[in-house]
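Start at 1 with the first residue, then count along the sequence. The shown structure was predicted, so the numbers you read here are calculated from the model rather than taken from an experiment.
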Amino acid sequence: MNGRVLIIDSDRNICEMMRLCLEKEGYSVMIALDGGEGLTQFSALKPDLVLLEVTPPSVDGWQVCREIRKKSDIPIIFITSKSEIFDKVLGLELGADDYIVKPFDTREVVARVKAVLRRYGLSKPSEPKKEIHYESLDIDMNRYELKVKGEIIPTPPKELELLYYMASHPNTVFNRDQLLDEVWGYDYYGSSRTIDVHIKRLRKKIDGVSEHWKLTTVWSVGYKFELTESGSSDSGNEQERKKP
């Protein structure tokens with residue numbers, strides 16, 4: 001079994017269609033037709049990923065997302081008929097990891113579920129460690145874990161992947177499109193505004209933690225993980241900064 005997926009959507013036909021496609025790929029699928037039922041199933045069944053309609057009856061998708069984020073950082077993919085940028089940004093700010101607009105091809109849903117779970121899932125024992133350590137900052141991608149001053153900080157997968165990528169290339173300036181390609185992938189169709197949202201949320205977690213590093217805005221260009229001369233890092237087995 002590839003993982004447990006909870007679908008929260010008021011359209012039974014869409015739910016069954018997605019269930020069939022995901023079960024063919026080896027996923028265990030659970031369905032809830034309204035937000036209240038979805039929250040109950042989430043608490044009881046502990047899924048690995050949630051496909052969430054924005055406007056189910058009973059409790060809307062925004063509130064369902066808020067409630068899930070109080071308890072867990074598992075991946076959430078919003079499914080909605082709304083395509084306005086406001087809705088996409090709001091979903092990301094609430095902690096969603098991806099966003100799909102109806103009508104959609106079920107193959108796209110399967111591909112996005114696979115991609116999100118692959119990024120979020122635990123690495124196999126044979127894989128090299130993917131860790132970065134700076135003063136008061138520890139990023140462990142094998143566990144998908146962020147520690148700030150030794151304390152584990154709940155962080156959605158996409159935020160952590162973005163921080164890890166930038167911290168792996170200190171003092172390198174990336175524009176938004178570069179970060180979208182490297183972290184979200186070339187097939188991502190969302191707005192570059194996504195980067196701004198995730199940087200804003202990361203800053204709430206790590207700004208002011210150390211004098212030796214920070215997330216910096218390079219105006220009219222993009223962002224960088226700025227490391228001072230006195231800063232240091234240890235990238236686990238990756239050893240990304242080699243001696244000349």
Side-chain angles (χ1 to χ4, degrees), residues 1-81 87-88 90-102 104-124 140-146 152-161 184-185 188 190 198 201:
M1 185 178 69
N2 289 329
R4 300 180 303 278
V5 177
L6 172 60
I7 303 172
I8 305 175
D9 194 310
S10 58
D11 190 320
R12 186 182 296 275
N13 291 330
I14 287 179
C15 288
E16 291 298 334
M17 178 176 62
M18 288 192 291
R19 183 213 291 270
L20 288 173
C21 293
L22 289 167
E23 286 183 344
K24 284 182 180 179
E25 297 295 325
Y27 296 97
S28 174
V29 179
M30 302 153 283
I31 291 175
L33 297 178
D34 66 66
E37 180 189 354
L39 288 172
T40 299
Q41 289 204 30
F42 174 82
S43 297
L45 302 173
K46 308 297 183 185
D48 299 301
L49 179 143
V50 175
L51 287 166
L52 175 61
E53 182 190 24
V54 169
T55 56
S58 177
V59 182
D60 69 45
W62 309 126
Q63 186 59 34
V64 172
C65 184
R66 290 187 186 97
E67 293 301 319
I68 290 176
R69 280 289 170 257
K70 291 178 182 178
K71 307 173 184 177
S72 173
D73 292 312
I74 72 162
I76 298 173
I77 300 177
F78 269 125
I79 296 179
T80 179
S81 58
D87 296 298
K88 294 181 179 181
L90 177 57
L92 294 169
E93 288 181 337
L94 291 176
D97 298 280
D98 207 345
Y99 201 104
I100 301 175
V101 178
K102 298 177 182 178
F104 52 78
D105 189 313
T106 54
R107 291 172 297 180
E108 177 188 4
V109 176
V110 171
R112 290 181 182 270
V113 167
K114 285 183 177 180
V116 170
L117 285 175
R118 184 170 58 246
R119 292 190 297 262
Y120 186 78
L122 294 177
S123 300
K124 297 178 181 179
D140 185 342
M141 296 305 295
N142 294 88
R143 298 184 178 184
Y144 265 73
E145 184 177 270
L146 172 66
I152 295 177
I153 305 299
T155 306
K158 267 290 166 281
E159 282 184 39
L160 195 60
E161 290 168 21
W184 274 258
Y188 180 74
H198 282 69
R201 289 162 54 190

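Evaluation of the side-chain contact (heavy atoms from CB on, under 4.5 Å) rule for Leu39 yields Val64, Glu67, Ile68 as partners, not counting sequence neighbours.
Of all the heavy atoms in Phe104 and Val101, the pair that sits closest is CB-O, 3.8 Å. Shortest non-hydrogen contact noted between Leu45 and Arg4 is O-NE, 3.6 Å. Nearest heavy-atom pair, Pro154 versus Asp73, reported as atom, atom and distance to 0.1 Å: CB-OD2, 2.9 Å. Contact between Thr155 and Leu160 at its shortest, heavy atoms only, is CG2-N, 3.8 Å. Nearest heavy-atom pair across Lys102 and Asp9 is NZ-OD2, 3.3 Å. In terms of heavy atoms, Gly38 sits closest to Leu6 at O-CD2, 3.6 Å.
Counting heavy atoms from C-beta outward, Leu20 and Glu16 have side chains that stay 4.5 Å or more apart. At a threshold of 4.5 Å between non-hydrogen side-chain atoms, the residues Leu49 and Tyr27 do not count as touching. Side chains of Lys71 and Ser43 form a contact here, defined as non-hydrogen atoms less than 4.5 Å apart. Put simply, the side chain of Val5 does not reach to within 4.5 Å of the side chain of Glu25, judged on heavy atoms. Side-chain contact between Ile79 and Met18 is present, with heavy atoms from C-beta onward closer than 4.5 Å. Taking 4.5 Å as the limit, some side-chain heavy atom of His198 sits within range of a side-chain heavy atom of Trp184. Taking the side chain as every heavy atom from C-beta outward, Leu52 and Cys65 approach each other to under 4.5 Å. Under the 4.5 Å side-chain criterion, counting only non-hydrogen atoms from C-beta, Glu53 is not in contact with Ile14.
Considering CD of Gln41 and CE of Met30, their distance stands at 7.0 Å, rounded to 0.5 Å. For the atom pair CD1 of Ile100 and CD of Glu108, the computed distance is 5.0 Å after rounding to the nearest 0.5 Å. Between the CD atom of Glu37 and the CD1 atom of Ile31 there is a distance of 9.5 Å, given to the nearest 0.5 Å. With values rounded to the nearest 0.5 angstrom, Leu146 atom CG is found 10.0 Å from Met141 atom CE.
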Give the intermediate values and the outcome of side chain to side chain contact (heavy atoms under 4.5 Å, CB included) for residues Leu22 and Val110.
CA-CA 6 Å; Leu22 289 167; Val110 171; 4.1 Å; yes
Output, in order, the C-alpha distance, side-chain angles, deciding distance and verdict of salt bridge (charged side-chain N to carboxylate O under 4.0 Å, His left out) for Asp97 and Arg69.
CA-CA 12 Å; Asp97 298 280; Arg69 280 289 170 257; 3.3 Å; yes
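Using modelled atom types, no side-chain atom of Glu145 and backbone atom of Ile152 make a donor-acceptor pair closer than 3.5 Å. When atom types are taken as modelled, the side chain of Arg12 and the backbone of Leu33 share no donor-acceptor pair closer than 3.5 angstrom.
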